[in-house]
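Below: one structure, written as structure tokens.
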Amino acid sequence: MEQYKLFIDGEFVDAASGETFESIDPGSGMPIAQVAKAGAADAEAAIDAARRAFDSGVWSGLTPAQRADKLNAFADQITQQTLRMAITESMDSGQIIGLAKYWGMLGSQMLRNFGHYAATRFPWQEEIPYAGNVFAPGRDYIRREPIGVCVGIIPWNFPMSMAFWKIGQAIAMGNTIVLKPASSTPLGALIIAEAAKAAGIPKGVVNVIAGPGGEIGQTLCTHPSVDKIAFTGSTEVGRQIMKMAADTVKKVTLELGGKSANIICEDADIDLAVEGALFGTFFHQGQVCESGTRVLVASKIYDEFLDKMKRRAEQLRVGYQLDPASQQGPLVNATQLATVERYVRLGQEEGAQVVAGGRRAEVAGLDGGFYYKPTIFGGVKNSMRVAQEEIFGPVVCVIKYDGEEEAVALANDSIYGLAGGVFSRSNARAERIARQIKTGTMWVNNYHSFGDFCPFGGYKQSGVGRELGHAGLAEYTQIKRMHFPASADHKSNFTMKLFSDDPKVPFVQYITPTLVLAGHGSLSSIYREVVRLGGRRAMILTDAGVRKAGLIEPVQEALAEFYAGIFDDISQDTDLATVDAAVALAREKGIDLIVSVGGGSVIDTGKAVCVTLKNGGKADDHVALMRLSEPQIPHIVIPTTSGTGSEVTNVAVIKSGSAGRKVYIIDNYITPNTAILDPQFTLTLPPGLTATTALDAMTHAVESLTSTMSNPICDGHALQAIRLIRQNLPKAVADGRDEQARSNLQIAATTAGWAFNIAQVGLAHAMAHTLGMLCNVPHGAACGIVLPAVMRYNVDHATDKLALAAQALGVSIGALAPRDAAMAAADAVEKLMKACGHPMRLKEVGVTEEALAMAPFHAIADAAALFNARPVSDPNEIAELYKQVF
Ligand SMILES: NC(=O)c1ccc[n+]([C@@H]2O[C@H](COP(=O)([O-])OP(=O)(O)OC[C@H]3O[C@@H](n4cnc5c(N)ncnc54)[C@H](O)[C@@H]3O)[C@@H](O)[C@H]2O)c1
């Protein structure tokens, strides 16, 4: 009799106890090999070897491509053993030789496929283009790493196939493994171990120990050195394994039992369906976890189907597994035969009719074999135990149903969900049914079809996790997230700032993707810009006021044949519904470029339209911070007010009805591509709007200067914007046709926009957004009214910066103490506002006292407040500020 030993740490060894057991040929009942019987000590030795091998890096430290080379060598050794494997597997497990002959070929291919996938396709390292954390810019990526020591515990139905699954996946992904085959069928895995050794797989990477599961399972599933358990077997044992693994919190994947439904529709090709049901059940004597053991047949064809299936089942040749004529071999052992006999008796007691089989099969000269006839139960109710419990033998329950709905309900009425089938001439119908079944695999007009790259696993009590395919291989890795901050400096670390008294962030980030074209007649460059940006069909976005001012016709003319539509229904402080309406029109007209002509309300609408048009869905789907990873629909902007700077910022501020406030899209990919600052577009802006929109720009500039995010680039922009506004606003208000003043104000707004883009601004903006939302106060007017009060509020936290602002505002600060100079800046802003007729109090712009009650709470929650020079956390302080300017 052949002798097999345990394979531990690269050597074939006897069990520590010296004990052996016999492996039986189930076709004759005769012993065929003597096998070393592993106990707890052997399990420990194998785990230790696997641990050492893993930790040494001899395998885990190789590149996936180096491992793939070794797996190819391993596969070659398997190929050389094909004939021996076929005969041994057949004799050891009872598989007919017609099936067992494939394992050499399939197993070697599997090793090659897993190695190849791991080396060429598996995302070992994956950049995260957007972290989803605006406060921690930098690089984030995922590294996938092997888990460590894996334990594979496999059943007796497909000993070699299961060994290839477990060993192949574990080692292709860089792990080491201790494999425990079932004690009824230990031989195949030990032959595979010989091939691993011959191929030079380093010692300790693959270990195979045969022995009783109860005894060594305990050690394998509780040992602290084991990182993962992959088990295939019964749900009952799966539960125990999960419990045992819990104490050391091991990763566990479980492939467990099933009672899968094979649904035969009334429009099925009946011969195909009968063969599908037959193969789906009696393949390998029904000892298959995902067998279609509940055949659900439409009542209209039930009798015909059952009749044909009975005839075919009775034709199946039961015989010795090595006889090439045999279509059904023996069951694996006497215990399994007894289980089948018990269930067949139970089915009869429950009232099911034996249509075919129902008893042992005799095979001449092999009285000791465990043969059973293919057995069909008709008239089965799904509630019967034979329809609910896994039998794991050649027994099928045929159940009648009326209508798809009942078929789906019956299929899902099971604690299991491993697989299933649908037979129908209509793929659409089959798919409709298949989608409703709660199960891990559905075959249409087929059964038992596996693929190395197709995931397999169970819903419900059929298991946890997946094997095979990307999903299966990923189960043999773990994920490490890696983060590198954009700046390695504690002062620039926004979150560490929580522990700091100094809120200032010195890190500099300056992105300027917008091409700015400024000056008289710059509109004429728009045609060239459309060409440069690759647009063909441009849509103008604007509002009724801008259109009425006669500003749209020149743009249409300049766009010439690129002009493809206009949307002008944008109200002040736009909202998401407006964006959706504009997107609907743009989709209808096949628009590929947006030209926004207007103030901030129009430009922000344009930004949101570009994102929604590119990515589909509704505007609300795209309310997000730093989430985009590629350029959006091209956007050209022609500002018509003196204020927003939105033409160069990465922010869109839009009212959301459902959020009840202004929401933001902040993303570098929404910064417009081109800004055309042609002063002719602001000549028509009335004095009042000129003043309020310019005060929006002033607020950007002052708040950028004092923001915790400010830096020298930002400061330069901010101070120049303040100077330009101070010098030009009075001129533009006095004479709207002063083109030089208009041009300078546009440039001031853009320059302040750049500053704001760096600095994310402060409390005045947060307070103004709130007033826009609650009381419809125009943004610029609200900014202006609250700005001096906020400057004074910040005076001790931004003294030097405010003093610089005072200088830019024309104050001679030479003789002033720093704090007084800072306060003088606020006075100067007020003076400028008064000179330009800007409203000074909230009640002048329609704010009521009642409306102010909630305002502090909204303002404190507005993101702009986060960057204020003085930390803002007390709503009472904000209430006081609102009161001051009421
Ligand atoms: N995204 C950003 O970076 C950013 C920055 C600041 C403000 N904003 C947003 O911008 C919006 C405010 O923008 P705004 O102040 O430019 O006002 P606006 O776009 O709401 O326009 C105000 C009014 O001015 C009229 N108008 C504009 N140009 C005109 C012209 N040349 N002649 C005659 N009438 C004209 C418009 O028809 C409108 O009625 C707010 O929603 C604010 O939240 C965005």
Side-chain angles (χ1 to χ4, degrees), residues 514 541-552 554-555 568-576 578-579 596-608 610 635 637-656 661-668 670-672 675 677-701 703-704 732 736-737 742 745-746 749-750 752-761 764-773 776-784 862-864:
T514 308
L541 289 187
T542 191
D543 64 29
V546 173
R547 198 167 190 181
K548 205 162 134 224
L551 300 177
I552 296 306
V555 183
D568 71 355
D569 191 13
I570 298 174
S571 55
Q572 185 186 301
D573 289 345
T574 184
D575 55 26
L576 294 173
T578 302
V579 176
S596 295
V597 186
S601 304
V602 171
I603 301 170
D604 285 6
T605 306
K607 289 172 172 175
C610 289
H635 192 192
V637 171
I638 305 177
T640 66
T641 63
S642 335
T644 77
S646 179
E647 62 275 8
V648 290
T649 69
N650 64 359
V651 182
V653 193
I654 301 173
K655 275 186 190 171
S656 159
R661 62 184 313 129
K662 286 190 174 184
V663 292
Y664 295 90
I665 302 175
I666 302 180
D667 208 299
N668 293 336
I670 68 167
T671 307
L677 311 183
D678 190 329
Q680 66 169 309
F681 286 87
T682 52
L683 297 178
T684 50
L685 192 67
L689 276 170
T690 304
T692 52
T693 56
L695 257 295
D696 182 14
M698 177 66 87
T699 310
H700 288 158
E703 293 215 287
S704 297
R737 312 292 308 174
R742 289 294 194 186
L745 281 182
Q746 280 186 314
T750 296
W754 276 319
F756 154 42
N757 212 31
I758 297 172
Q760 312 290 318
V761 293
H765 258 78
M767 292 174 68
H769 286 155
T770 303
L771 295 170
M773 187 69 210
N776 282 321
V777 182
H779 182 66
C783 279
D862 189 287

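Residue indices begin at 1 and follow the sequence shown. All ligand and atom numbering here is 1-based and tracks the order in the structure.
If you check which protein heavy atom lies closest to atom 30 (C) of ligand 1, you get Thr684 OG1, 3.5 Å. The shortest contact between atom 38 (C) of ligand 1 and any protein heavy atom is with Asp543 OD2, 3.6 Å. In this structure, the protein non-hydrogen atom closest to atom 18 (P) of ligand 1 is Ser601 OG, 3.3 Å. Among all protein heavy atoms, the one lying closest to atom 41 (O) of ligand 1 is Asp573 OD1, 2.6 Å. Among all protein heavy atoms, the one lying closest to atom 1 (N) of ligand 1 is Val651 O, 2.6 Å. At the top of the distance list for atom 43 (O) of ligand 1, counting protein heavy atoms only, stands Lys662 NZ, 3.3 Å. Shortest contact from atom 14 (P) of ligand 1 to any protein heavy atom: Gly600 N, 3.4 Å.
Here is the list of ligand 1 atoms found below 4.0 Å of a heavy atom in Gly545: 37 (O). The Leu551 neighbourhood of ligand 1 comprises atoms 30 (C), 31 (N), with distances under 4.0 Å to a heavy atom of that residue. Each of the following atoms of ligand 1 lies closer than 4.0 Å to a heavy atom of Lys607: 1 (N). For ligand 1, the atoms lying closer than 4.0 Å to a non-hydrogen atom of Gln572 are 20 (O). Taking every heavy atom of Val546 and a limit of under 4.0 angstrom, the matching atoms of ligand 1 come to 26 (N), 27 (C), 28 (N), 37 (O). Listed by atom number, the atoms of ligand 1 under 4.0 Å from Gly599 heavy atoms are 16 (O), 19 (O).
Contacts with ligand 1 closer than 4.0 Å are made by heavy atoms of both the backbone and the side chain of Leu685. Within the 4.0 Å heavy-atom criterion, the part of Thr693 lying near ligand 1 is the side chain and not the backbone. Counting heavy atoms under 4.0 Å from ligand 1, residue Phe681 touches it through the backbone alone. Within the 4.0 Å heavy-atom criterion, neither part of Thr692 lies near ligand 1. With a 4.0 Å cut-off on non-hydrogen atoms, Asp604 touches ligand 1 through its side chain and not its backbone. Under 4.0 angstrom from ligand 1, the non-hydrogen atoms of Asp696 all belong to its side chain.
Side-chain polar atoms of Thr605 and Thr574 form a donor-acceptor pair below 3.5 angstrom. Thr649 and Lys607 form a side-chain donor-acceptor contact under 3.5 Å, judged by distance and modelled atom types alone.
Across all non-hydrogen atoms, the minimal contact from Ser642 to Leu685 is OG-CD2, 3.5 Å. When all heavy atoms of Asp862 and Ala766 are compared, the closest pair comes out as CB-CB, 3.6 Å. The shortest non-hydrogen separation linking His779 to Lys662 is ND1-NZ, 4.3 Å. Scanning all heavy atoms of the two residues, the minimum distance from Glu647 to Ala749 falls at OE2-C, 4.2 Å. When all heavy atoms of Leu695 and Thr699 are compared, the closest pair comes out as O-OG1, 2.6 Å. In terms of heavy-atom proximity, Lys655 sits nearest to Gly772 at CE-O, 3.7 Å.
For atom 6 (C) of ligand 1, the choice among Lys548, His700, Lys655 with the nearest heavy atom turns out to be His700. In this comparison of Leu689, Val653, Thr690, the heavy atom closest to atom 23 (C) of ligand 1 sits on Leu689. The closest heavy-atom contact to atom 21 (O) of ligand 1, among the options Ile570, Thr641, Thr649, Thr682, comes from Thr641. When Thr644, Asn650, Ile654, Thr640 are ranked by how near their heavy atoms come to atom 5 (C) of ligand 1, first place goes to Thr644.
In terms of modelled atom types and a separation under 3.5 Å, the side chain of Arg742 and the main chain of Gly736 share a donor-acceptor contact.
Under the 4.5 Å side-chain criterion, counting only non-hydrogen atoms from C-beta, Tyr664 is not in contact with Asp604. By the 4.5 Å heavy-atom criterion applied to side chains, His769 and His765 are counted as neighbours. In this structure, Val597 and Val602 have side chains that are not in contact, with every pair of non-hydrogen atoms separated by 4.5 Å or more.
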side-chain contact (heavy atoms from CB on, under 4.5 Å) assessment of Leu745 paired with Thr682: CA-CA 9 Å; Leu745 281 182; Thr682 52; over 6 Å; no
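At least one N or O atom of Ser646, backbone or side chain, sits closer than 3.5 Å to an N or O atom of ligand 1.
Note: Asn668 CG to Thr671 OG1 = 5.5 Å, rounded to the nearest 0.5 Å.
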